Amino acid sequence: MESKREDSVQHFLNLIQKSRRGKFKIYIGMSAGVGKTFRMLQEAHSLLKNGIDVKIGFIETHNRKETHDLLEGLPVIPRRYLFYKGKELEEMDVQAIISLRPEVVIVDELAHTNIEGSKNEKRWQDVFEILEAGINVISAVNIQHIESLNEEIKDITGIEVKERIPDSVLAQADEVVNIDLTADELITRLKEGKIYKAEKIEMALKNFFKSEHILQLRELALKEVASQVERKVEIEVPKSKNTRHEKFMACISSNEATAKKVIRKTARLANYYNSSKWYVLYVQLPHESADRIALDKQRHLINNFKLATELGAEVIKIEHTRIAKAIIEQAESKGITTVCIGKPKMNLMKIILSTSAFKQLLNKLSSSEIDLIILS
């Protein structure tokens, strides 16, 4: 185990010299308590022994003794203190980190939302600022904080996670490492009081830390890291000239819930296939023009456009009287390989089937070798 960790440290050391922009390493886990912070601090000690100027930018030990003990001997950059709603709160001092210019900085809780009034809304944006300054960053995040997995996490746990990071943050990491435990190991750690205080343990066992939930979250974490490795292979290993480069287009309507699912699932596909460019198409029918569409629908559309942009899509908004024809035109003009649509509701299906457009769509996509995916 020790030699494997040293190999991982050496690999990261080799990456450090390759670019002026800082290198970015993310530890990812299926849940709190798997040991991400512990592993980052272990790596910090290893780097320090190798003569690397490493500093702690922000660490959250959650009062776990074994984690807190590892801080001993590591240089910590003091946090900045600010008052918010009558309380003194702590935040990472981004400017202090950039001014001190360590070779490597450890930054925990990547999905954290900064206090209102901070320069950046999210900690991952702080991290990008540090990377741009040429400082290497090691950070950590749990699988439930990834934007495109939000719906799946809610289905598994019944909890909607509010703090999330765009998938593009993971895509920009030079290394993504999974911290894996079995469900039994994680539950044992919980029962031993190594994750939460005693009064929270029973509640956790009945909710988030149910064995079946942990297994599903573990599968998501393993798949995510596997897709990141595959992307790295795609980028760094020479490709055959005959390889088809996937280009996805998600087609959405003004239906908020369906549109959100289609955007997130298409983002996952684009992410998996390392599609550097993908699109979200909204066809505005005459009855949904700006002066006719309901205000709440208009607001939801804007929010979904914003979500699509955050997940790396280019949003296309066009006016048309025929949905299927508009999809064909845009698919051809953008060189799309795969069109993704939501499971049509009956009223939309009637609109499509009332003309020959749906048949035309299927025939055209088929003859153009464009795949059609219907997402539930």
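As the structure is a computational prediction, the values presented were derived from the model and not from experiment.
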Hydrophobic cluster membership, [X] vs [Y], 4.5 Å side-chain cutoff:
X	Y	value
Leu100	Val107	yes
Met203	Phe209	no
Ile146	Ile159	yes
Ile374	Leu281	yes
Leu222	Val229	no

Can a salt bridge be assigned to the pair [X] and [Y] using a cut-off of 4.0 Å between side-chain N and carboxylate O?
X	Y	result
Lys194	Glu192	yes
Glu152	Lys154	no
Lys25	Asp174	no
Glu132	Arg21	yes

Residues which pass salt bridge (charged side-chain N to carboxylate O under 4.0 Å, His left out) with Glu185, listed by chain and number, not counting sequence neighbours: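 Glu185: no salt bridge (charged side-chain N to carboxylate O under 4.0 Å, His left out) contacts found.
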Considering only heavy atoms from C-beta outward, does the side chain of [X] approach that of [Y] to under 4.5 Å?
X	Y	value
Val127	Leu110	yes
Leu186	Leu190	no
Ile214	Lys210	no
Val54	Val105	no
Val137	Lys23	no
Leu48	Pro75	yes
Val262	Cys251	no

Verdict with reasoning, Val161 to His145, per side chain to side chain contact (heavy atoms under 4.5 Å, CB included): CA-CA 7 Å; Val161 177; His145 295 291; 3.5 Å; yes
With distance as the sole criterion, is a donor-acceptor pair present between the side chains of [X] and [Y] under 3.5 Å?
X	Y	value
Lys122	Thr113	yes
Tyr81	Glu90	yes
Glu91	His112	yes
Tyr272	Gln228	no

Rounded distance (nearest 0.5 Å) linking atom CG of Asn207 with atom CD of Glu202: 10.5 Å
Pairwise distance CD1(Ile318) to CD(Glu329) - rounded to 0.5 angstrom: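 That separation rounds to 6.5 Å.
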Exercise: identify the closest heavy-atom pair between [X] and [Y]:
X	Y	result
Glu129	Gln95	OE2-NE2, 3.4 Å
Ile143	Met30	CG2-O, 3.6 Å
Ala326	Val283	CB-CG2, 3.8 Å
Ser254	Ile293	CB-CD1, 4.4 Å
Leu47	Ile138	CD1-CD1, 3.9 Å
Ala259	Asn304	CB-ND2, 3.5 Å

Criterion side chain to side chain donor-acceptor pair (under 3.5 Å) on Asn120 and Asn114, from CA distance to verdict: CA-CA 7 Å; Asn120 296 314; Asn114 292 331; over 6 Å; no
Stepwise side chain to side chain contact (heavy atoms under 4.5 Å, CB included) check, Leu205 with Ile201: CA-CA 6 Å; Leu205 286 168; Ile201 293 173; 4.0 Å; yes
Salt bridge (Lys or Arg N to Asp or Glu O under 4.0 Å) pairs, two or more places apart, involving residues 258-273: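 Qualifying pairs, neighbours excluded: Glu147-Arg264, Glu151-Arg264, Asp167-Arg268, Glu224-Arg268, Glu256-Lys260.
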Side chain to side chain contact (heavy atoms under 4.5 Å, CB included) assessment of Glu288 paired with Tyr282: CA-CA 11 Å; Glu288 290 187 335; Tyr282 167 63; 2.7 Å; yes
Polar side-chain atom of Thr266 near backbone of Ile263 as donor-acceptor pair, under 3.5 Å: no
His213 (side chain) donor-acceptor with Ile156 (main chain) under 3.5 angstrom: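 Answer holds: yes.
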Parallel, tilted or perpendicular, as decided by the 30° and 60° cut-offs, for the rings of Tyr273 and Phe248: tilted
Evaluation steps, side chain to side chain contact (heavy atoms under 4.5 Å, CB included), between Thr338 and Ile370: CA-CA 5 Å; Thr338 306; Ile370 298 173; 5.8 Å; no
Identified side chain to side chain donor-acceptor pair (under 3.5 Å) counterpart of Thr37 within the set Thr61, Asp108, Thr67: Asp108
Charged tip of Arg64 within 45° of Phe38 ring normal and under 6.0 Å: no
